[in-house]
Amino acid sequence: MLLSTHHNISIKGLAVAVPSGRISVDSFYPSFGEDIVQKFSEMAGVKQITRSIDQQTASDLGYIAAKKLIIEKNIDTNEIGVLVFVSQKPDYRSPATAFVLQHRLGLGKEVICLDINLACSGFVYGLQTTLSLLKNSSKKKALLITADTSNKTLSPEDRTMIMLFGDSGSAVLLEKEDQGNAVFQFGLRSNGYKFKSIITPAGAFRNRDLPNKVEEWADGIKRSDYNTHMKGMDVFGFSITDVPNLIIDFLEATKTETSHYDVVALHQANIYILKQISRKVKIPFEKIPVSIDRYGNNSSNSIPLLLADHFEGKSQVLKILISGFGAGLSWACGSIAMDTKDILPIIITDDIYTQGDFKSSEHD
Amino acid sequence: MEALFFEKLKEILEITDRELSANDKFKEYSEWDSLANLSVIAMIDEEFGVVIDNSEFKNIQTLGELMAEIKKRTK
């Protein structure tokens, strides 16, 4: 396990945005049959998912969250030295979406902007990266924006995924402290040997000759090579073995126990997986909040959404054990703290950035 | 072990109309699908503390082979 330790930093704000669209899993009865849908719902713990309209991008959701945070926390945007955007659904093939967000948020030019292409482990990796960049910079504040609209590359016939993923975005404000004893730590692992476990094969530069053609795959589900495919069994096995093992190793390395944490905020992959992690790491399930029932699996944004869903409107300093795991394969956990008074109420938005549409008049 | 294994399997697959046998090619059951596959892997993990890799699971055909694999790994 790679251990990463960060001193004198804090989370000063968290804002989350979700689209207004809600899809109940019951609405899939005509497509997949009541029996299959109910079995899925019971296993995954999903009753409803959030769904953005076609034109709304992940960055649209992240932008609204970040804008609200800047206004509510009265942030001088010139103090922001790092903007990291974590998503698997960028606005363009290039440039990185972080630049679009820099522009929309009106940040200064003395800022590092970059995207991270990570899914369900993305919040933990995003925090680790953003804090590392901030710590070694001359600026005081950083913005981490995690957002995803996983549905945009799913085959509507893929019953293993289409009822599972929700869309949302969020922004976290990180700040250097002159003094203090807060320590954030992260434990990180990657397994590129399993890069095909969750993959969108076409649409980039490796498989440029693949036709955008829907075919029946070996699992009997119709999808194209432009759709995201998940080898469910591989990912499931990974989630119930490698993830708890990492958390156990992390607790040992940091000389902490689950009882030292007020909350264990896990990526909302599937309720069954949460229960297995609870059992294997010996975390009382009451310490593991759940939002997958009403929001689905929100990729890199599961953890921020979970925190906002459960702790917004309260004021308490929480010591939180977080863990995210998914495509890569990539998995990570961390020990963080925050005052829940800094969590803003969840924003509902269908706003889109029409100026981002590229027009033929721009072919100059 | 066999009794517990069969009992749990019947519960997961919602089989009430027949008994299971070690020779059964379980992937040919009408009740078998991807969700059943997931549930069986999870049940084996929970009851026997063994996680069978999907690549190995693919090569297993009968319940007897599956039980042998579990026994091999719990040793």
Side-chain angles (χ1 to χ4, degrees), chain A residues 25 28 32-46 157-164 191 193-194 196-198 216-221 223 229-245 269-282 329, chain B residues 1 4-18 20 22 24-75:
Chain A
V25 293
F28 291 98
F32 307 129
E34 188 173 336
D35 190 43
I36 282 182
V37 172
Q38 287 201 341
K39 271 190 190 163
F40 164 84
S41 179
E42 204 180 307
M43 177 86 180
V46 182
E157 296 188 38
D158 194 339
R159 60 175 189 270
T160 66
M161 299 180 87
I162 199 73
M163 298 185 278
L164 182 61
N191 183 4
Y193 300 90
K194 296 263 186 185
K196 287 185 180 172
S197 293
I198 307 173
E216 189 171 309
W217 289 39
D219 59 5
I221 291 169
R223 58 172 83 78
H229 174 239
M230 174 164 71
K231 289 182 183 168
M233 299 305 151
D234 278 10
V235 178
F236 185 73
F238 154 74
S239 303
I240 62 173
T241 51
D242 295 306
V243 178
N245 287 344
N270 160 325
I271 195 84
Y272 190 85
I273 289 171
L274 300 188
K275 286 181 183 160
Q276 290 308 311
I277 294 173
S278 157
R279 187 175 67 87
K280 292 190 170 182
V281 188
K282 299 185 177 65
L329 295 172
Chain B
M1 177 219 168
L4 173 70
F5 181 66
F6 284 170
E7 183 201 330
K8 288 283 167 190
L9 216 54
K10 284 174 73 176
E11 197 181 301
I12 291 169
L13 302 176
E14 295 171 14
I15 295 173
T16 50
D17 59 341
R18 60 184 193 274
L20 307 183
D24 286 1
K25 293 190 170 177
F26 59 96
K27 290 173 191 169
E28 292 170 9
Y29 288 165
S30 64
E31 294 87 356
W32 190 257
D33 61 14
S34 62
L35 220 57
N37 193 344
L38 214 72
S39 307
V40 169
I41 289 182
M43 177 275 279
I44 295 168
D45 175 35
E46 225 165 306
E47 298 296 330
F48 305 101
V50 170
V51 176
I52 297 180
D53 215 55
N54 193 42
S55 51
E56 290 162 62
F57 199 84
K58 274 183 184 161
N59 298 324
I60 294 169
Q61 301 306 324
T62 67
L63 292 179
E65 288 167 26
L66 186 53
M67 281 188 289
E69 185 64 32
I70 296 168
K71 277 182 196 154
K72 197 176 94 190
R73 288 166 159 263
T74 42
K75 266 179 193 162

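Numbers restart at 1 for each chain; the letters A, B, ... are given by sequence-line order, proteins then strands.
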Exercise. Is the CD atom of A:E42 crowded by more than 12 outside heavy atoms at less than 6.0 Å?
Worked result: no

For this session: Identify which part of A:Y272 has an atom lying under 4.5 Å from any heavy atom of chain B, answering side chain, backbone, both or neither.
Result: side chain

Exercise. With a cut-off of 6.0 Å (strictly less than), are more than 12 heavy atoms of other residues, nucleotides or ligands near NZ of B:K25?
Worked result: no

Seminar exercise, completed: CG of B:D33 to NZ of A:K39, rounded to nearest 0.5 Å, is 5.5 Å

Problem set entry | Distance in Å, A:I273 CD1 paired with B:L38 CG, rounded so as to fall on 0.5 Å steps | 7.5 Å

Exercise. Between A:K280 and chain B, which part of the residue has a heavy atom less than 4.5 Å away: side chain, backbone, both or neither?
Worked result: side chain

Problem set entry | Atom pair CG (A:D219) and CG (B:N37), whose distance is rounded to the nearest 0.5 Å | 11.5 Å

Problem set entry | Minimum-distance pair of heavy atoms, taken over all atoms of A:R279 and B:E46 | NH2-CA, 3.6 Å

Problem set entry | Evaluation steps, side-chain contact (heavy atoms from CB on, under 4.5 Å), between A:M233 and B:I41 | CA-CA 8 Å; A:M233 299 305 151; B:I41 289 182; 4.1 Å; yes

Exercise. Are more than 12 heavy atoms from other residues, nucleotides or ligands located less than 6.0 Å from atom CZ of A:R159?
Worked result: no

